[in-house]
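In what follows, chains are A, B, ... by sequence order, proteins preceding strands, each numbered from 1.
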Number of protein chains: 2
Amino acid sequence: MPKKTFFNLPAEKRNSIISAAMYEFSANSYKTASINVICRESGIAKGSFYQYFADKLDLYVYIMTLAIEEKIRFFSSALSESNNPGLTEQIRMLFLKGVEFSKKHPLFAALGEQFSKEDVESAKSAVIREGGKLSGSLFLQMIQDAKDRGEIDGGIDPFALSLLLQSLSSAVSMYMHDRFGNTGYEINKEEVDNFVDSLLNILVHGIRIKNSI
Amino acid sequence: MPKKTFFNLPAEKRNSIISAAMYEFSANSYKTASINVICRESGIAKGSFYQYFADKLDLYVYIMTLAIEEKIRFFSSALSESNNPGLTEQIRMLFLKGVEFSKKHPLFAALGEQFSKEDVESAKSAVIREGGKLSGSLFLQMIQDAKDRGEIDGGIDPFALSLLLQSLSSAVSMYMHDRFGNTGYEINKEEVDNFVDSLLNILVHGIRIKNSI
DNA sequence: GAAGCATGTGACCACATGGTCATATTACTG
DNA sequence: CAGTAATATGACCATGTGGTCACATGCTTC
């Protein structure tokens with residue numbers, strides 16, 4: 001946690017530090033991100049930085065926590081908006097929302113991606129300790145609910161399905177990013193929808209030809 | 001490509017450089033991996049290093065190419081050993097071989113993982129340029145063949161399925177690594193098999209309850 | 001104004017980085 | 001043996017790092 005001097009700062013200055021740090025951590029790993037750069041870009045002195053934060057890790061955990069909170073807020077508000085549709089629709093929504101999120105908040109998305117790649121164990125575990133629940137449990141809950149409603153085959157391993165969904169969700173975002181780069185999501189909406197439909201179709205019906213067995 | 005002086009080296013020295021470099025690049029990103037450390041660990045002088053390699057990138061590309069070649073050799077020999085079983089069995093084999101590979105050649109696997117995370121564009125593209133074909137095309141070929149054999153639903157988007165398989169394959173290895181760490185693969189063989197079966201079951205039959213529709 | 005306290009500051013530290021280069025050592029050739 | 005070409009070497013360079021610290025500035029209270 002940042003020191004109280006940081007929170008006493010005028011909002012403008014505080015925000016300029018935050019956004020400089022977000023940018024730096026979104027473009028670099030924990031190790032290669034530079035405090036010097038963050039200071040330069042946000043226009044504060046090196047000494048001041050250490051008046052606000054205990055050390056590099058302190059800032060890193062703070063920034064990552066902000067990004068995680070934003071993402072959770074985004075998804076849970078999207079989930080609660082919908083009126084409890086079936087699992088399929090929930091999954092479709094999560095995939096599309098994932099794409100939407102990385103288009104709307106590219107900085108936050110980039111932070112998340114950078115974090116998922118993170119090597120430095122101390123940095124990673126410190127963030128997780130702070131961040132609490134992961135998105136994995138979200139999927140697990142959805143799956144369990146769908147099972148209770150009798151919506152999916154009872155023999156399905158919830159854990160395996162959850163892993164599948166998680167890896168798919170990030171794969172979709174990655175694919176979209178590779179394919180369309182930073183061009184608007186709205187422009188390619190149709191193609192995105194089709195692609196997600198294809199994946200969902202495989203997921204729901206399996207790859208085996210219908211009517212066999 | 002390393003300079004000819006490198007290939008003139010006695011095999012022992014050459015190998016000690018290679019293995020020191022592999023270790024360093026498997027534990028660090030391109031940027032954070034250290035030439036100094038590689039020199040120290042392999043017992044050569046800094047100046048000698050630059051007699052063998054043009055620069056850091058030269059070494060990086062060389063090492064990564066070695067790892068990729070090894071992986072391709074491993075998989076293609078495994079694929080050709082089998083007598084053309086169905087797609088399901090091919091997929092199962094690839095998943096299991098993926099786990100087996102990371103158990104048998106943890107250094108090579110770690111190199112691959114590190115590469116997939118790589119940030120530095122120049123490093124990444126230089127390796128890809130050298131490495132040629134990716135594993136993605138392997139999946140695509142398998143899918144197309146299976147379609148031609150009428151084994152899977154013609155309506156399935158091969159590209160979507162390929163992406164799904166790719167992301168799943170790496171997810172399986174990652175999950176296994178998280179779950180069992182460096183303990184032997186043989187010990188947990190049963191659990192690994194079960195997990196892969198669960199995933200395959202979802203993939204083949206879909207998540208919808210049987211006999212509905 | 002004075003005293004006290006919270007903040008701001010940048011020169012500085014020890015250390016590490018990728019890369020160079022003049023020089024020393026070795027190997028080969030006549 | 002001499003002479004030449006190949007290779008080995010580590011001090012050195014410019015640049016960067018996270019972090020510290022003595023000091024300067026500003027604000028608040030008496």
Side-chain angles (χ1 to χ4, degrees), chain A residues 1-18 20-21 23-25 27-64 114 118-124 126, chain B residues 1-18 20-21 23-25 27-64 114 118-124 126:
Chain A
M1 265 287 126
K3 305 179 184 176
K4 56 187 157 202
T5 45
F6 177 70
F7 295 108
N8 290 341
L9 246 36
E12 194 191 358
K13 201 172 194 175
R14 218 171 45 224
N15 287 332
S16 103
I17 294 173
I18 289 178
Y23 183 79
E24 183 70 4
F25 282 125
N28 300 92
S29 70
Y30 175 73
K31 235 182 192 164
T32 58
S34 161
I35 300 286
N36 287 322
V37 170
I38 293 173
C39 289
R40 193 198 313 135
E41 294 304 308
S42 62
I44 64 169
K46 190 80 162 289
S48 298
F49 177 88
Y50 285 93
Q51 215 105 30
Y52 307 146
F53 302 94
D55 51 22
K56 194 184 187 178
L57 188 58
D58 191 18
L59 171 66
Y60 182 74
V61 171
Y62 176 64
I63 293 294
M64 284 304 174
Q114 205 61 247
E118 190 49 60
D119 261 347
V120 179
E121 217 47 55
S122 62
K124 202 154 195 163
Chain B
M1 265 286 125
K3 305 176 182 177
K4 57 187 157 203
T5 45
F6 177 71
F7 294 107
N8 291 340
L9 246 35
E12 194 192 356
K13 200 171 194 175
R14 218 173 43 227
N15 288 333
S16 102
I17 294 173
I18 289 178
Y23 182 81
E24 183 69 4
F25 281 125
N28 299 92
S29 69
Y30 175 72
K31 235 182 192 164
T32 58
S34 162
I35 301 285
N36 288 320
V37 170
I38 293 172
C39 289
R40 191 198 314 137
E41 294 304 309
S42 61
I44 65 169
K46 190 78 163 290
S48 298
F49 178 88
Y50 286 92
Q51 214 105 30
Y52 307 146
F53 302 94
D55 52 21
K56 193 184 188 180
L57 188 58
D58 191 19
L59 171 65
Y60 182 74
V61 172
Y62 177 64
I63 294 294
M64 284 304 173
Q114 205 61 247
E118 190 49 59
D119 260 347
V120 179
E121 217 46 56
S122 63
K124 201 153 198 167

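- Judged as a ring pair (Phe, Tyr, Trp, His ring centres under 6.0 Å), and not counting sequence neighbours, the contacts of A:Phe25 are A:Tyr60.
- Under the 3.5 Å distance criterion, the side-chain polar atoms of B:Ser42 are left unmatched by any main-chain donor or acceptor of B:Ala20.
- Interatomic distance, CD1 of A:Ile44 versus CD of A:Gln51, reported as 10.0 Å (0.5 Å rounding).
- In this structure, the separation between CG on A:Leu9 and OH on A:Tyr52 is 4.0 Å, given to the nearest 0.5 Å.
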Heavy-atom protein contacts under 4.0 Å, nucleotides 17-24 of chain D, coded B base, S sugar-phosphate only, - none:
SBBBB---
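- Here the range on DNA chain C touched by chain A, meaning any atom under 4.0 Å from one of its heavy atoms, is C:dT7 to C:dG10.
- The two residues A:Ile18 and A:Phe6 have their closest heavy-atom pair at CG1-CZ, 4.0 Å.
- In this structure, the salt bridge (Lys or Arg N to Asp or Glu O under 4.0 Å) partners of A:Asp119, at least two apart in sequence or on a different chain, are B:Lys117.
- Taking atom CZ on B:Phe7 and atom C1' on D:dA6, their separation rounds to 17 Å, with Å as the unit.
- Under the 4.5 Å side-chain criterion, counting only non-hydrogen atoms from C-beta, B:Pro2 is not in contact with B:Leu59.
- Summarising the local packing, OH of A:Tyr62 is surrounded by more than 12 heavy atoms from other residues, nucleotides or ligands at distances under 6.0 Å.
- Annotation for B:Tyr23: atom OH does not count as buried by contact number, only 12 or fewer foreign heavy atoms lying within 6.0 Å.
- Looking at residues 8-18 of chain A, you'll see A:Asn8, A:Leu9, A:Lys13 sit with a heavy atom under 4.0 Å from some atom of DNA chain C.
- Residue-level contact check: A:Phe53 touches neither bases nor backbone, having no heavy atom under 4.0 Å from any strand.
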Would you give me the side-chain donor-acceptor pairs under 3.5 Å for residues 30-40 of chain B, sequence neighbours excluded?
| residue | atom | partner | partner atom | Å |
| --- | --- | --- | --- | --- |
| B:Tyr30 | OH | B:Leu57 | N | 3.2 |
| B:Thr32 | OG1 | B:Ser29 | N | 3.1 |
| B:Thr32 | OG1 | B:Ser29 | OG | 3.0 |
| B:Ser34 | OG | B:Asn36 | N | 3.1 |
| B:Ser34 | OG | B:Val37 | N | 3.1 |
| B:Asn36 | OD1 | B:Lys46 | NZ | 2.9 |

